[in-house]
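What follows is a short report on a single structure.
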Amino acid sequence: MKTARAWGIAAYLALLIERLSQAVQFRPRPALNPAQIRRYEGVRWELSLEVPYYPAQGPQGYVLIPKDGYFQQTEEVLEHL
């Protein structure tokens, strides 16, 4: 019985240490890059079946971003950060 309790306490402490170490880790904030901002006129209101879309969280819910040349350039910029 004492062995099970000791294992339970050890597991709890290990989880607590893991959570604390994740909370203390430094996470750099991404820099605002002007290449990541698309002009409002470029937003498409119609969906096309020929273009794949990426769902993203927007201020008013989910939005679909077309995976076009602009999307690929933005991904390349973010990979180099």
Side-chain angles (χ1 to χ4, degrees):
M1 187 73 170
K2 286 187 176 184
T3 305
R5 182 180 169 124
W7 279 105
I9 292 172
Y12 176 76
L13 289 175
L15 179 64
L16 180 66
I17 291 170
E18 180 65 27
R19 295 288 175 139
L20 286 174
S21 68
Q22 289 177 0
V24 175
Q25 284 180 354
F26 173 72
R27 292 184 184 94
R29 294 182 62 193
L32 180 61
N33 189 340
Q36 298 173 0
I37 300 172
R38 183 183 287 203
R39 296 184 55 176
Y40 187 75
E41 297 86 33
V43 175
R44 297 182 191 174
W45 295 101
E46 306 90 25
L47 297 178
S48 171
L49 295 177
E50 290 83 27
V51 179
Y53 291 92
Y54 175 80
Q57 180 72 36
Q60 298 165 341
Y62 282 97
V63 294
L64 295 174
I65 301 172
K67 289 188 175 182
D68 54 3
Y70 175 82
F71 187 91
Q72 292 172 354
Q73 290 173 359
T74 304
E75 280 186 329
E76 290 172 4
V77 168
L78 292 175
E79 285 175 0
H80 295 297
L81 291 180

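Residues forming a side chain to side chain donor-acceptor pair (under 3.5 Å) with Gln72 (at least two apart in sequence, or on another chain): none.
Nearest approach of Lys67 to Tyr54, heavy atoms of both residues: CE-CB, 3.8 Å.
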Using a 3.5 Å cut-off and no angle test, enumerate the donor-acceptor pairs between side-chain atoms of residues 11-19 and protein atoms at least two apart in sequence or in another chain.
unit_1: Glu18; atom_1: OE2; unit_2: Gln22; atom_2: NE2; d: 3.1

